[in-house]
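Heads up: the structure comes next, in structure tokens.
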Amino acid sequence: MRCVVFGATGYIGGRVVPALLDAGHEVRVVARTPDKLQDAAWRDRVEAVRGDVTSADDVRAAIEGQDVAYYLVHSLNRHDFVDVDRAAAQAVADAAAEHGVKRIVYLGGIVPDGTQLSAHLASRAEVGRIFLAGRVPAAVLQAAVIIGSGSASFEMLRYLTERLPAMITPRWVRNRIQPIAVRDVLHYLVHAASLPPDVDRAFDIGGPDVLTYLDMMRRYTVVSGLPRRLVLPVPVLTPWLSAQWVNLVTPVPGSIAVPLIESLVHEVVCHEHDIARHIPDPDGGLTHYEEALELALARIARADVPTRWSDASAQPADPLPTDPDWAGGSLYEDVREHRSDAAPQQVWQVIEAIGGEHGWYSFPLAWAVRGWADRLVGGVGLRRGRRDPRRLHVGEALDWWRVESLDRPRLLRLRAEMKLPGRAWLELGVEPSVDGGSLYRQRAVFQPHGLAGHVYWKAISPFHDLVFGGMVRNITGAARSR
């Protein structure tokens, strides 16, 4: 079948695409920035088109000629995500009917009975209703916590359990949850493309185990070989306070932690398993929770994490203001160069391995303090890390940066996603030197927004020699030591 995937740059979308290809389908992917897909292993096997799901014209162009539309988008990081997701879902439903699409597949969340839903859960439920009310048969798959390397739910569980030998927890840690392995989610998503046309409904999907969040944490310690954790549930921690704690302890920022925890406040257990009437369980049965943990931890140990929760950018990529086409306003730069007797390839290896466990090669305390400050105001902080310790991909998160451009082995451009009164980029590049060795170039660019932006740049300028100057010296020094 011909399948179009909206949300291919996200956590689930980036995994369902190769699964659809392996099942023999033709795949078209839609992305605001198709360049983000250039390093995907499946890039040459798909048709990539530029499009924004919030544009009805883009949606119609992307859907034309397709049999199945996968909608794997959620505008979680936007304050107006309810309105955006409603409009986008309606645009997809209308375009699918207009162009004769045979099936819409959507992944949402399990909807608890008899309780007021959080804005996050209510929005996902509304998207499902929009598709079911349309003229095209829809399969709305509803899952609770997804366990897999790189998922936000798994990262939150992992870091809370590993970093806190003792913790005070809210009462919701005793609520029942039915987690599901990401491999089983993909199984259902792929097979949903072939459902008969009379199937037009929502299905709850979950793994074989029903646990409390407390059980999930305790079983994680066993699987990962950690000592037993001391947990004391108390009644006074609200979901918002819990999310702030998650924001400080784990790489998951508050903007994502809040909806995750608001979902856990309710019991999220499958009401039915009707999906089995249409899609058989995977060979060997559904994945048990402990096995899902083992698979996720094994992928992390091998640095083989194909997608992460942070892959979806919180904002569209902005062009870098450059001198030739910069039409006005202020633009601050910090430009530095250094000639080194290290070979260009040696310098590039250091550049591409920057961030994460390797750090930023200058004044670690300053980077750490800035990261904590960003977390305190709701930013992403410095702990998102990186997917692979040696190789970067366009579009992936790198601590508080996003890889915007990668011209291997010459130039790496990063765009800041921390909370700033403006927009910021960092470029690291290398080229052969005319007298042998290499020439390392580094450029920090800041475009201020308002008076606060100008004040911010002036305030941090005295530290540039320590931070940016230190980076130049230590990156080239690390290259020489290779």
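- Taking the six-membered ring for Trp and the full ring otherwise, Trp367 and Trp400 have centroids separated by under 6.0 Å.
- Looking only at distances, no side-chain donor or acceptor of Arg413 sits under 3.5 Å from a matching main-chain atom of Trp425.
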With salt bridge (Lys or Arg N to Asp or Glu O under 4.0 Å) as the test, would you mind laying out the steps for Asp388 and Arg391 before giving the verdict? CA-CA 6 Å; Asp388 184 293; Arg391 191 172 179 86; over 6 Å; no

For Val252 and Tyr159: C-alpha separation, side-chain torsions, deciding distance, then whether side chain to side chain contact (heavy atoms under 4.5 Å, CB included) applies. CA-CA 9 Å; Val252 180; Tyr159 279 89; over 6 Å; no

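- A salt bridge is defined here as a Lys NZ or Arg NE, NH1 or NH2 lying under 4.0 Å from an Asp or Glu carboxylate O, and Arg308 with Glu396 fails to meet this definition.
- A salt bridge does not link Arg410 to Glu431: none of the charged side-chain nitrogens sits closer than 4.0 Å to a carboxylate oxygen.
- Rounded to the nearest 0.5 angstrom, Ile180 CD1 and Asp209 CG are separated by 11.5 Å.
- Evaluation of the ring pair (Phe, Tyr, Trp, His ring centres under 6.0 Å) test over residues 129-152, restricted to residues two or more places apart or in two chains, returns Tyr71-Phe131, Tyr106-Phe131.
- No donor-acceptor pair closer than 3.5 Å links the side chain of Glu333 to the backbone N or O of Val335.
- Proximity of the aromatic rings of Phe81 and His120 is defined here by a centroid distance below 6.0 angstrom, and this criterion is not met.
- With sequence neighbours excluded, no residue satisfies salt bridge (Lys or Arg N to Asp or Glu O under 4.0 Å) with Glu357.
- For Asp67 and Arg2, the salt-bridge test passes: some basic side-chain N is under 4.0 Å from an acidic carboxylate O.
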Show me the donor-acceptor pairs, under 3.5 Å and distance only, between side chains in residues 142-157 and residues at least two apart or in other chains.
from: Gln142; atom 1: NE2; to: Asp204; atom 2: OD1; distance (Å): 2.8
from: Ser149; atom 1: OG; to: Arg15; atom 2: NH2; distance (Å): 3.3
from: Ser151; atom 1: OG; to: Ile146; atom 2: O; distance (Å): 2.9
from: Ser151; atom 1: OG; to: Gly148; atom 2: O; distance (Å): 3.4
from: Ser151; atom 1: OG; to: Phe154; atom 2: N; distance (Å): 3.0
from: Glu155; atom 1: OE2; to: Arg158; atom 2: NH1; distance (Å): 3.3

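- Using the six-membered ring where Trp is involved, His454 and Tyr332 have ring planes that are perpendicular, over 60° apart on the 30 and 60° scheme.
- If you run side-chain contact (heavy atoms from CB on, under 4.5 Å) between Val136 and each of Val92, Asp200, Ile104, only Ile104 comes through.
- Judged purely by atom type and a 3.5 angstrom limit, Glu404 has no side-chain atom pairing as donor or acceptor with the backbone of Arg415.
- Under the 4.5 Å side-chain criterion, counting only non-hydrogen atoms from C-beta, Phe203 is not in contact with Tyr188.
- Ion pairing between a basic and an acidic side chain is recognised when a charged N comes within 4.0 Å of a carboxylate O; Asp35 and Arg50 show no such pairing.
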